[in-house]
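Presented below is the structure to which this report refers.
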Amino acid sequence: ATGSAPAVPIDERFDIAYVTPVTIGTPPQTLMLDFDTGSSDLWVFSSHMPPFQVRGQEIYTPDESSTARLLEGHTWSIMYGDGSASRGNVYVDTFAVGGLTVLNQAVQTAQQVSASFTSATNIDGLVGLGFSTLNTVRPESQLTFFDNAKASLDNPVFTADLKYMAAGTYDFGFIDRAKYTGEITYVPIDPDPGYWIFTSSGYAVGASSNFSATPIIGIADTGTSLVYLPTAVLTAYYRQVQGATNSRSYGGYVFPCDSALPSFTFGVGEERFTIPASYIRYAPVTEGSATCFGGLQSSSELGINIWGDVALKAAFVVFDSRSPPRIGWAKK
Ligand SMILES: Cc1c(C=O)c(-c2nnc3c4c(C[n+]5cc6c(C)n(C)c(C)c6c(Cl)n5)n(C)c(C)c4cnn23)c(C)n1C
């Protein structure tokens, strides 16, 4: 089996997050979920939430699904890198995305979500595509939809073709030759931490003329908007940007929106991927401001580097869960 589904930006002005249509239950209930390689819980806004926490999101109502079964005594609770959080109980039900159907998928129903989820009116929940070891359901952790689907897929892979200010695609079980050019460069993944962790071979500010061959260990994370890199890399980049400062009040590097920006190049093995300046001129710090927030930010407080959507949009990325798992990057 194979599947293919769109990854649609939730906001038409900036690439904040991408959502993908899925159906859950019988008859099918359609929700728009954020497919996130940085986590491993499939959770949804649900009829178990207090109504004031729901602001326009679609909700999953297990009582209206003839195939929903409560997973007695199981609960979950998750906190994300931006401090947002959610928790609740667990059902198993039929889950379908892009022509793929998984029977008895663990669907984590929210009972509580933090304010930032309530205000994200276009996100009805998340689908974790990380390794199932990260799943937070207790007492027995659950498998991701991809792990449940894997045996029936033509190949144990999924690919991300995210786009700047446009709908991209998640493909499952196959690698679409029409979505990339040249060859795919594969590098090993360390699955132990549960993330898609790989080592980038280095970076260059601007085109890859002055490439600095320094290993950068980071996670490929479709659920994170920006790129978080070591301070040394960031100072090298923002040194080239007129008026750039690391603002405590805005919580990161900002610069005048009309400043000239270099592109940013990162290495995967011998291959070089360039993030255009337009992706790094991420968004005005507030509506209409002449100060812009950078798409490259510091990972110094995070303990891990994160290649979020700003980087993933610059490539076609293959998440290959053969043994041992590996990640592939190609130009497009
Ligand atoms: C260590 C880390 C992150 C690691 O993941 C991270 C981050 N970056 N985007 C997101 C997340 C998103 C994507 N996302 C980003 C958004 C931004 C930047 N803004 C202004 C809004 C309104 C957003 C929404 Cl609704 N959604 N979602 C849906 C969730 C649950 C996220 C959790 N963390 N997160 C941050 C900000 N930091 C510091």
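Position 1 is the first residue of the sequence, and the numbers go up from there. As a basis for the values below, the full set of heavy atoms in this structure was taken, side chains included, without hydrogen atoms, waters or symmetry mates.
Within 6.0 Å of atom CZ in R87, 12 or fewer heavy atoms from other residues, nucleotides or ligands are found, so the atom counts as exposed in its surroundings. Environment of CZ in R248: sparse, with no more than 12 heavy atoms of neighbouring residues, nucleotides or ligands closer than 6.0 Å. More than 12 heavy atoms of other residues, nucleotides or ligands lie within 6.0 Å of CG in L70, so this atom counts as buried by the packing criterion.
Note on V241 and L296: same hydrophobic cluster, where clusters join Ile, Leu, Val, Met, Phe, Trp and Tyr whose side-chain heavy atoms are under 4.5 Å apart, directly or indirectly. Note on I16: it clusters hydrophobically with F117, by side-chain heavy-atom contacts below 4.5 Å among ILVMFWY residues. Linking Ile, Leu, Val, Met, Phe, Trp and Tyr whenever their side-chain heavy atoms come within less than 4.5 Å leaves L312 and F316 in two separate clusters. Both M165 and L261 are assigned to one and the same hydrophobic cluster, defined by single-linkage of ILVMFWY side chains at heavy-atom distances under 4.5 Å. Residues M79 and I123 do not share a hydrophobic cluster, clusters being chains of Ile/Leu/Val/Met/Phe/Trp/Tyr side chains in contact below 4.5 Å.
Proximity of a side-chain donor or acceptor of D221 to a complementary backbone N or O of G38 within less than 3.5 Å is detected. At least one donor-acceptor pair under 3.5 Å links the side chain of R281 to the backbone N or O of C257.
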Exercise for the section: For side chain to side chain contact (heavy atoms under 4.5 Å, CB included), just list the numbers for Y80 and S39, CA-CA rounded to whole Å, side-chain angles, deciding distance to a tenth of an Å, and then say yes or no. Expected result: CA-CA 8 Å; Y80 294 97; S39 66; 3.9 Å; yes
Problem - N148 and Q105: CA distance, side-chain angles, deciding distance, side-chain hydrogen bond (donor to acceptor under 3.5 Å, both in side chains) verdict - result: CA-CA 7 Å; N148 282 324; Q105 170 65 43; 2.7 Å; yes
Practice task
Could you give me the CA-CA distance, side-chain angles and deciding distance for D93 and T67, then say whether side-chain hydrogen bond (donor to acceptor under 3.5 Å, both in side chains) is met?
Solution key: CA-CA 6 Å; D93 205 343; T67 42; 2.6 Å; yes
Practice task
List the steps and the verdict of side chain to side chain contact (heavy atoms under 4.5 Å, CB included) for L229 and I216.
Solution key: CA-CA 8 Å; L229 293 173; I216 302 172; 4.0 Å; yes
Exercise for the section: Dump the intermediate steps for side chain to side chain contact (heavy atoms under 4.5 Å, CB included) on V22 and T30, then the final yes or no. Expected result: CA-CA 6 Å; V22 310; T30 299; over 6 Å; no
Handout entry: side-chain hydrogen bond (donor to acceptor under 3.5 Å, both in side chains) between Q53 and Q112, intermediate numbers included
Key = CA-CA 8 Å; Q53 289 191 4; Q112 296 284 332; 2.8 Å; yes
Problem - Criterion side chain to side chain contact (heavy atoms under 4.5 Å, CB included) on D36 and V127, from CA distance to verdict - result: CA-CA 6 Å; D36 177 14; V127 175; over 6 Å; no
Practice task
Quick one: do D171 and T169 satisfy side-chain hydrogen bond (donor to acceptor under 3.5 Å, both in side chains)? Show the steps, please.
Solution key: CA-CA 6 Å; D171 290 337; T169 314; 5.2 Å; no
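Each of T23, L42, N104 was compared with F95 under the side-chain contact (heavy atoms from CB on, under 4.5 Å) criterion, and only L42 meets it. With R326 as the fixed residue, the side-chain contact (heavy atoms from CB on, under 4.5 Å) test singles out one of V157, V318, D320: D320. Each of T75, I78, T136 was evaluated against Q108; a single residue qualifies, T136, per the side-chain contact (heavy atoms from CB on, under 4.5 Å) test.
Considering only heavy atoms from C-beta on, P256 comes within 4.5 Å of S259 through its side chain. Between T109 and Y60, the closest side-chain pair of non-hydrogen atoms falls below 4.5 Å. Using a 4.5 Å heavy-atom threshold, the side chains of T245 and V254 count as touching. Within the 4.5 Å cutoff, the side chain of S40 has no heavy atoms near those of the L143 side chain. Put simply, the side chain of V107 does not reach to within 4.5 Å of the side chain of V92, judged on heavy atoms. By the 4.5 Å heavy-atom criterion applied to side chains, R272 and S201 are counted as neighbours. Counting only heavy atoms from C-beta outward, the side chains of K332 and T181 never approach each other to under 4.5 Å. Q142 has its side chain within reach of L71: a pair of non-hydrogen atoms, C-beta onward, lies under 4.5 Å apart.
Taking the six-membered ring for Trp and the full ring otherwise, the centers of Y282 and Y253 sit at least 6.0 Å from each other. The distance between the ring centers of F146 and F158 falls below 6.0 angstrom.
Minimum heavy-atom separation, A5 to T20: CB-CG2, 3.5 Å. Of all heavy-atom pairs spanning T37 and A220, the tightest one is OG1-O, 2.7 Å. Contact between S289 and P284 at its shortest, heavy atoms only, is O-CB, 3.6 Å. Counting all heavy atoms, side chain and backbone alike, T118 lies closest to V113 at OG1-CG2, 3.5 Å.
Partners of F293 under the ring-ring contact (aromatic ring centres under 6.0 Å, His included) rule, at least two apart in sequence or in another chain, do not exist in this structure. Partners of Y228 by ring-ring contact (aromatic ring centres under 6.0 Å, His included), not counting sequence neighbours: none found. Judged as a ring-ring contact (aromatic ring centres under 6.0 Å, His included), and not counting sequence neighbours, the contacts of Y91 are H48. Residues passing the ring-ring contact (aromatic ring centres under 6.0 Å, His included) test with F266 are F273, W307, W329, sequence neighbours excluded.
Summarising the geometry, atom CZ belonging to R322 is positioned 12.0 Å from atom NZ belonging to K150; distances are rounded to the nearest 0.5 Å. Separating the OG1 atom in T61 from the CD1 atom in I59 is a distance of 4.0 Å, to the nearest 0.5 Å. With rounding to the nearest 0.5 angstrom, the CD1 atom of I175 is 11.5 Å from the CG atom of D154. Here the straight-line distance linking atom CD of Q297 with atom OG1 of T231 works out to 11.0 Å at 0.5 Å rounding. Considering CG of D34 and OG1 of T222, their distance stands at 6.5 Å, rounded to 0.5 Å. In this structure, the separation between CE on M49 and OG on S86 is 8.5 Å, given to the nearest 0.5 Å.
Note on K179 versus D161: no salt bridge recorded, every NZ/NE/NH1/NH2 to OD/OE distance being 4.0 Å or above.
A perpendicular orientation is assigned to the rings of Y237 and F264, their planes being inclined by more than 60° (bins at 30° and 60°).
No hydrogens or angles considered: a donor-acceptor pair under 3.5 Å links the side chains of T265 and T274. When only modelled atom types and interatomic distance are considered, T214 and S212 share no side-chain donor-acceptor pair under 3.5 Å.
For residues 10-36, the set of pairs meeting the ring-ring contact (aromatic ring centres under 6.0 Å, His included) definition, not counting sequence neighbours, comprises F35-Y170.
Relative to the six-membered ring of Y279, K313 meets both conditions, a distance below 6.0 Å and an angle of at most 45° to the axis.
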Output side-chain donor-acceptor pairs under 3.5 Å for residues 183-197, partner residues at least two apart or in another chain, one line each.
unit_1	atom_1	unit_2	atom_2	d
D190	OD1	D192	N	3.0
W196	NE1	L129	O	3.0

